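In what follows, a structure is listed as structure tokens, so that the remarks can point back to it.
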Amino acid sequence: MIITHIIERERWEGAMLAGTYHAESLDSEGFIHFSKPEQVERTANRFYHGKTDLVLLIIETDRVKGEVIFEPPSHPTFEGEVFPHVYGELNTDAVIRVVDLPMLPDGSFKFDPSAI
């Protein structure tokens, strides 16, 4: 199964050098937030509006060393949905592709999940 993660290009480059990605949410919440492909656009627009130089990690769950659990979010914008959370650092070899997530002139994002 494919899951995704939005990250700043520079942070991803650092993770590739280290071989693992450790998000701040791992310390504060115990897991790293991910999205299903069909959730990317709404996630990007809710949490990353106006941010430039973002990339989208395309991840194969079978390759993830940490535990992947689909759970309801704490944010009411996404009530009724479940999102993938990874309990542990993300091993970079689980990432099968990295694509640019360009911001539109108004600061929003447009993403077609069929592009994955």
Side-chain angles (χ1 to χ4, degrees):
M1 172 179 249
I2 297 295
I3 60 174
T4 66
H5 183 73
I6 300 168
I7 185 172
E8 297 88 359
R9 182 181 312 279
E10 185 177 318
R11 291 206 63 211
W12 174 240
E13 290 170 356
M16 286 192 314
L17 291 174
T20 187
Y21 169 60
H22 184 103
E24 292 84 13
S25 66
L26 192 53
D27 297 326
S28 62
E29 299 177 69
F31 58 84
I32 301 173
H33 295 266
F34 291 80
S35 298
K36 294 183 278 186
E38 63 271 17
Q39 296 168 323
V40 169
E41 185 175 313
R42 286 182 298 123
T43 298
N45 285 315
R46 173 65 182 101
F47 297 105
Y48 296 93
H49 189 272
K51 290 198 94 165
T52 59
D53 209 26
L54 297 174
V55 295
L56 182 68
L57 307 181
I58 313 300
I59 299 133
E60 175 56 61
T61 57
D62 290 343
R63 296 181 177 192
V64 176
K65 292 180 181 172
E67 187 175 14
V68 180
I69 300 176
F70 288 79
E71 301 175 301
S74 58
H75 199 277
T77 300
F78 302 103
E79 193 172 318
E81 295 185 67
V82 293
F83 282 77
H85 296 151
V86 173
Y87 285 80
E89 293 186 349
L90 175 66
N91 48 299
T92 57
D93 60 352
V95 177
I96 59 172
R97 205 163 99 220
V98 178
V99 297
D100 290 332
L101 191 60
M103 184 183 70
L104 298 173
D106 67 356
S108 69
F109 296 91
K110 184 77 177 150
F111 180 76
D112 179 3
S114 67
I116 293 179

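Just so it is clear, the structure is predicted and the values come from calculations on it, not from any experiment.
One hydrophobic cluster, built from ILVMFWY side chains closer than 4.5 Å, holds both I3 and V82. Transitive grouping of hydrophobic side chains (ILVMFWY, heavy atoms separated by less than 4.5 Å) keeps I96 and V68 in distinct clusters. In terms of hydrophobic clustering, with Ile, Leu, Val, Met, Phe, Trp and Tyr side chains grouped at heavy-atom distances under 4.5 Å, M103 and L54 are assigned to a common cluster. M16 and V86 fall within the same hydrophobic cluster, defined by Ile, Leu, Val, Met, Phe, Trp and Tyr side-chain heavy atoms under 4.5 Å apart, directly or through other members. Both F111 and Y48 sit in one connected hydrophobic cluster of ILVMFWY residues. Membership requires side-chain heavy atoms under 4.5 Å apart, directly or through other members.
Atom CD of E38 sits about 12.0 Å away from atom CG of D112, to the nearest 0.5 Å. Rounding to the nearest 0.5 Å places CG of L101 at 10.5 Å from CG of L57. The CD atom of E8 lies 9.5 Å from the OG1 atom of T52; values are rounded to the nearest 0.5 Å.
The backbone N or O of S108 lies less than 3.5 Å from no partner atom in the side chain of N45, so there is not a single donor-acceptor pair. Within the 3.5 Å criterion, the main-chain N or O of R63 finds a donor-acceptor partner in the side chain of N91. Counting only distance, with no hydrogens or angles, the side chain of T43 and the backbone of Q39 share a donor-acceptor pair below 3.5 Å. In this structure a side-chain-to-backbone donor-acceptor pair under 3.5 Å is missing from S35 to T4. The closest donor-acceptor contact from the side chain of E60 to the backbone of M1 lies under 3.5 Å. A donor-acceptor contact shorter than 3.5 Å is absent between the side chain of D100 and the backbone of V55.
F109 and P102 get closest at one heavy-atom pair: CD2-O, 3.5 Å.
Two rings, from F83 and F34, have their centers 6.0 Å or more apart.
Between E81 and E71 there is no side-chain heavy-atom pair separated by less than 4.5 Å. A 4.5 Å side-chain heavy-atom check between I58 and I2 finds at least one atom pair inside the cut-off. Residues I6 and K51 are not in side-chain contact: their nearest non-hydrogen atoms beyond the backbone lie 4.5 Å or more apart. Considering only heavy atoms from C-beta on, P84 stays 4.5 Å or farther from I69 through its side chain. You'll find the side chain of I59 reaches within 4.5 Å of the side chain of L90, heavy atoms only. Using a 4.5 Å cut-off on side-chain heavy atoms (C-beta onward), L104 and K110 make contact.
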Exercise. Evaluate side-chain contact (heavy atoms from CB on, under 4.5 Å) for F70 paired with K36, printing each intermediate quantity in order.
Key: CA-CA 10 Å; F70 288 79; K36 294 183 278 186; 4.0 Å; yes
Quiz prompt | Derivation of the ring pair (Phe, Tyr, Trp, His ring centres under 6.0 Å) call for H85 and H33 | solution = CA-CA 5 Å; H85 296 151; H33 295 266; 5.2 Å; yes
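Contact check on R46 versus E41 returns no salt bridge, with no Lys/Arg side-chain nitrogen under 4.0 Å from an Asp/Glu carboxylate oxygen.
Under the side chain to side chain contact (heavy atoms under 4.5 Å, CB included) rule, Y21 has a single partner from I32, L26, V95, which is I32.
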